[in-house]
Amino acid sequence: MGKIGIMGGTFDPIHNGHLRLGEQAYYEYGLDQIWYMPSGQPPHKKDHRVTDSHIRLEMTRLAMEGREGFSCSDFEVMRSGNTYTSQTLEILHEKYPGHTFYFIIGADSLYEIEHWHEPAKVLAQAVILAAVREYESAGRSMETQITYLKEKYQADVRMLHCGEIDISSAELRRMTALGKSIEPFVPEPVARYIKEHHLYQEVAECRKLLYI
């Protein structure tokens with residue numbers, strides 16, 4: 001039996017903000033492991049071309065090097081078709097019935113989770129750890145949103161006291177396409193991999209990303 005944190009995402013590319021969230025969950029809630037799980041075919045990413053899943057998997061694997069308790073999982077990459085969190089958690093419970101899963105999300109996802117595929121199943125199958133950050137546009141505080149989800153879904157939702165780093169994968173793709181260094185924002189092996197494989201540098205991609 002184990003307390004397993006799941007950090008899902010496109011990771012296109014993975015960056016220090018993703019790592020910071022996982023580290024905070026690991027230490028704050030005494031988790032046994034954190035599994036970083038790049039999505040295979042994310043159903044919600046329709047506004048730009050997503051990098052090949054095996055490339056994103058390799059970048060994630062490189063980011064995990066030397067981090068005790070942290071690992072990269074190909075669980076979603078190896079699945080075909082759209083990969084939904086509700087289905088992933090269901091399969092994980094079948095495969096690892098003794099584990100308790102903690103699903104780690106950013107603050108924005110806390111407000112958007114009811115728009116996910118089968119949100120009730122997501123909330124029933126994992127403890128939700130949400131990074132603390134207030135959103136004025138949300139119209140309600142995080143405490144109010146957590147109370148709402150707990151009462152409506154009988155969910156176990158907890159705050160993750162880690163401010164999110166103000167950088168996004170989309171911004172890092174833009175910076176790379178424009179020839180700017182992203183080394184301060186990603187692990188060194190990831191920055192090197194992106195450079196060596198000339199990722200995010202296509203002219204057409206650059207023009208497209210400028211408007212995302």
Side-chain angles (χ1 to χ4, degrees), residues 2-12 14 17-18 20-22 24-26 28-29 31 33-48 50 53 56 60 73-165 168-170 212:
K3 296 166 63 178
I4 309 299
I6 301 294
M7 186 77 183
T10 311
F11 301 141
D12 194 12
I14 190 168
H18 298 131
R20 183 174 173 181
L21 277 180
Q24 183 66 24
Y26 183 72
E28 184 173 350
Y29 287 96
L31 305 185
Q33 297 178 50
I34 302 289
W35 296 352
Y36 278 76
M37 195 174 290
S39 57
Q41 184 176 326
H44 60 292
K45 298 289 185 179
K46 304 297 185 182
D47 57 354
H48 69 275
V50 176
S53 60
R56 293 184 286 108
T60 304
S73 170
D74 65 0
F75 193 80
E76 286 204 335
V77 167
M78 299 306 292
R79 290 168 57 198
S80 60
N82 289 336
T83 50
Y84 294 104
T85 299
S86 61
Q87 296 169 347
T88 294
L89 289 171
E90 187 172 17
I91 298 170
L92 283 172
H93 277 289
E94 291 174 357
K95 190 171 183 179
Y96 306 101
H99 289 342
T100 299
F101 293 103
Y102 293 70
F103 199 76
I104 304 163
I105 61 175
D108 54 343
S109 294
L110 183 70
Y111 295 98
E112 298 168 0
I113 199 165
E114 287 192 289
H115 299 293
W116 291 14
H117 181 72
E118 299 181 311
K121 285 189 176 182
V122 174
L123 292 163
Q125 295 181 96
V127 178
I128 304 298
L129 302 182
V132 173
R133 183 179 177 185
E134 297 299 335
Y135 281 84
E136 293 182 3
S137 60
R140 63 173 73 176
S141 68
M142 282 194 70
E143 291 88 348
T144 301
Q145 177 68 1
I146 288 173
T147 298
Y148 164 74
L149 293 173
K150 285 182 175 181
E151 292 178 349
K152 182 174 180 179
Y153 298 97
Q154 290 73 57
D156 188 347
V157 184
R158 309 177 191 178
M159 287 189 177
L160 187 57
H161 298 89
C162 172
E164 296 180 271
I165 294 177
S168 67
S169 294
I212 291 177

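Along the sequence shown, residues carry numbers from 1.
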Atom pair CD1 (I113) and CG (L123), whose distance is rounded to the nearest 0.5 Å: 4.5 Å
Closest non-hydrogen atom pair between A25 and L31, with its separation: O-CG, 3.6 Å
Residues W35, L92; criterion side-chain contact (heavy atoms from CB on, under 4.5 Å); working and verdict: CA-CA 12 Å; W35 296 352; L92 283 172; 4.1 Å; yes
Validation row: F103, Q125 side chains within 4.5 angstrom (heavy atoms): no
For C162 against A131, the heavy-atom pair lying closest together: O-CB, 3.6 Å
Atom pair CG/CE of L21 and M7 - distance to nearest 0.5 Å: 4.5 Å
Exercise: identify the closest heavy-atom pair between A155 and K150: O-CG, 3.3 Å
I104 side chain reached by I34 side chain, heavy atoms, under 4.5 Å: yes
Ring geometry between H99 and Y96 (parallel below 30°, tilted from 30 to 60°, perpendicular above 60°): parallel
Residue from R79, K121, E118 passing side-chain hydrogen bond (donor to acceptor under 3.5 Å, both in side chains) with Q87: R79
From W116 atom CH2 to I105 atom CD1, the distance as rounded to the nearest 0.5 Å: 5.5 Å
K3 atom NZ, over 12 foreign heavy atoms within 6.0 Å: yes
Heavy-atom pair with the smallest gap, counting every atom of G40 and S53: O-CB, 4.0 Å
Note, R56 side chain near S39 side chain (heavy atom, < 4.5 Å): yes
Qualifying residue for side-chain contact (heavy atoms from CB on, under 4.5 Å) with D156, from T100, L129, I128, V127: V127
Contact check, side chains of M142 and Y111, non-hydrogen atoms, under 4.5 Å: yes
Heavy-atom closest pair, residues Y29 and L160: CE1-CD1, 4.1 Å
Non-hydrogen side-chain atoms of Y84 and V122 separated by less than 4.5 Å: no
Flag side-chain contact, heavy atom, 4.5 Å: E114 against Y153: yes
Any donor-acceptor pair under 3.5 Å from S73 side chain to F75 backbone: yes
Heavy-atom pair with the smallest gap, counting every atom of P38 and T60: CG-OG1, 3.4 Å
Side chains of T85 and I6 in contact at under 4.5 Å (non-hydrogen atoms): no
Spatial distance of atom CD1 (I4) from atom CD (Q33) [nearest 0.5 Å]: 4.5 Å
Output field: ring centroids H18/F11 closer than 6.0 Å: yes
